[in-house]
Amino acid sequence: MYERAKNVLPLGVSYGIRYFEPYPFYTARAKGSKLYDVDGNEYVDFWLGHTSLILGHSPAEVVRAVSEQLRNGTMYGTSHELEIALAEQVARMVPTAEMTRFTNSGTEANMYATRLARAYTGKDKIGKFEGGWHGGYDALHVGVKPPFNIPESAGLTTGAVQDTIVLPFNELDEVKKRLRNERAASIVMEQVLGAGGGIPADREFLKGLREFCSEKDILLIFDEVITGFRLAPGGAQQYFGVKPDVTIFGKILGGGFPVGAFCARSEIMERLDSHVYDRSRHSFHGGTFTANPITMTAGMATLKILEDGQLIDRLNRLGQRIRDRVGETFETNGIAAQVTGVGSLFNVHFTKKLVKDAVTASKADRNRLFDYHLNLIADGVFILPTHNAALSTAHSEQDIEKFFSGTEKYAKQSKAMHRK
Ligand SMILES: Cc1ncc(COP(=O)(O)O)c(C=O)c1O
């Protein structure tokens with residue numbers, strides 16, 4: 001398949017991160033906690049569609065709701081009740097999200113939220129953190145991978161990135177220093193760095209940043225594309241107890257279908273209302289497939305299941321068990337490793353150093369992480385190599401045991417190899 005794909009898809013894939021040596025993983029089908037590859041092998045899936053599938057693959061409730069909706073129209077291109085209902089549901093679960101605009105991806109949501117912050121504050125500069133990933137929007141495609149001072153891609157013009165200020169994660173004094181003489185509209189952040197390594201922000205850092213943004217009239221944007229509806233029904237902002245001005249959602253909100261959303265209190269979101277603000281002061285947002293009825297239906301079915309927090313609590317406890325056990329396994333085998341993550345997200349960094357930011361994470365032994373994940377894949381446990389792993393409500397005790405046994409096998413093997 002890879003040989004065929006290379007002729008028509010650059011790098012043979014539709015998203016660069018899905019490529020890994022010796023060739024990408026080709027899924028034939030998926031159900032519950034399992035992925036099946038084109039050779040007929042079964043894998044317990046801990047990648048879960050870029051962490052979006054918190055209920056596993058094709059959960060019955062979502063399939064039922066979407067099947068019914070398929071008969072009533074897949075795409076209206078008009079307003080409809082499902083978009084109102086989902087925005088109401090989001091507001092119930094996330095109190096800071098009084099109003100919502102839906103998009104088709106997290107990238108789009110971040111792009112429109114940045115525009116909104118600029119329109120609302122009348123300022124141009126935007127802050128983002130080292131190792132923060134907010135999608136491929138030019139102005140935020142800066143400072144993602146170390147070294148943070150070189151372009152992340154060709155084609156990013158000076159104009160597109162000159163107003164972006166890259167900030168150090170978990171270092172409040174340095175953040176204040178870098179922004180002292182800047183007119184910043186917003187600071188966008190993941191409270192838990194996702195692609196940056198599953199690294200949580202310190203609560204004190206978040207609190208300090210919140211105060212600083214309020215003092216300086218900077219909109220604090222929490223990018224909850226990964227953490228939203230995962231760490232708590234109200235997302236990482238509920239989990240850490242620190243409120244943003246604007247929230248970005250994606251992944252889980254779509255119930256397995258493409259989605260993004262940006263939300264805020266009404267007074268901020270009013271900037272999107274062209275009846276209130278004339279063209280020079282109104283912030284535009286739109287898109288053909290925004291709030292399509294299939295995504296809205298799948299998202300609603302998913303959020304209803306997560307709303308009372310019981311399943312999320314169980315996943316968070318399970319996540320802690322995994323982090324503890326994986327940490328112990330490497331320690332017992334004399335392998336220097338740091339297990340990061342929060343709630344139902346986890347990752348491993350092969351380094352002696354405590355991993356508090358993406359810089360430390362980047363200095364860990366990445367080849368070893370790749371090797372660990374490739375060994376897990378060979379043992380029927382799928383994680384996209386070097387990326388974060390996540391849990392779903394579809395995972396069984398046996399699934400988790402399979403992860404532990406694969407990890408133990410790798411740790412022992414690795415210890416033996418390094419002794420030679
Ligand atoms: C925190 C975060 N923000 C934004 C995005 C971009 O979302 P999308 O891939 O839907 O454009 C991602 C994607 O992984 C993400 O992890």
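Both ligands and their constituent atoms are indexed starting at 1 by order of listing. This chain uses plain numbering: 1 for the first residue, then up along the sequence. Below, each value reflects all heavy atoms present in this structure, side chains not excepted, and no hydrogens, waters or symmetry copies. All figures in this text were calculated on a predicted structure; none of them were measured in a lab.
- Close approach to Glu190 involves these atoms of ligand 1, each under 4.0 Å from a residue heavy atom: 1 (C).
- A distance below 6.0 Å separates the ring centres of Tyr15 and His50.
- In Phe212, the CZ atom is crowded: over 12 heavy atoms of neighbouring residues, nucleotides or ligands sit closer than 6.0 Å.
- In Met1, the CE atom is not crowded: 12 or fewer heavy atoms of neighbouring residues, nucleotides or ligands sit closer than 6.0 Å.
- Remark: the Tyr23 side chain and the Glu3 side chain contain no N/O donor-acceptor pair separated by less than 3.5 Å.
- Which parts of ligand 1 touch Ile226 is read off a 4.0 Å heavy-atom cut-off, strictly below it: atoms 16 (O).
- Selection from Leu193, Val225, Leu140 by nearest heavy atom to atom 15 (C) of ligand 1 gives Val225.
- Ligand-side atoms of ligand 1 in range of Gly135: 4 (C), 5 (C), 6 (C), range being under 4.0 angstrom from any heavy atom.
- Of all the atoms in ligand 1, the ones that sit under 4.0 Å from a non-hydrogen atom of Ser105 are 10 (O), 11 (O).
- In summary, the side chains of Gln320 and Asn316 do not present any donor paired with an acceptor at a separation below 3.5 Å, with no hydrogens or angles considered.
- Within a 6.0 Å sphere centred on CD of Gln310, other residues, nucleotides and ligands contribute 12 heavy atoms or fewer.
- Asp223 OD2, 2.7 Å is the protein heavy atom nearest to atom 3 (N) of ligand 1.
- Heavy atoms of Lys251 found under 4.0 angstrom from ligand 1 belong exclusively to the side chain.
- Contact annotation: for His134 versus ligand 1, heavy atoms closer than 4.0 Å belong to the backbone alone.
- Distance from atom 2 (C) of ligand 1 to its nearest protein heavy atom, with residue and atom name: Trp133 O, 3.2 Å.
- From the protein, the heavy atom lying nearest to atom 10 (O) of ligand 1 is Gly106 N, 2.9 Å.
- Under the 6.0 Å cut-off for aromatic ring centres, Tyr19 and Tyr2 qualify, their centroids lying closer than that.
- For Phe240 and Phe222, the ring centers are positioned 6.0 Å apart or more.
- For Asn110, every heavy-atom contact with ligand 1 shorter than 4.0 Å involves the side chain, none the backbone.
- Considering backbone and side-chain N/O of Glu108, none are found under 3.5 Å from N/O of ligand 1.
- Using 4.0 Å as the threshold, His50 has no heavy atom nearer than that to any atom of ligand 1.
- For atom 11 (O) of ligand 1, the closest heavy atom belonging to the protein is Thr107 OG1, 2.5 Å.
- A centroid separation of less than 6.0 Å is found between the aromatic rings of Phe262 and His285.
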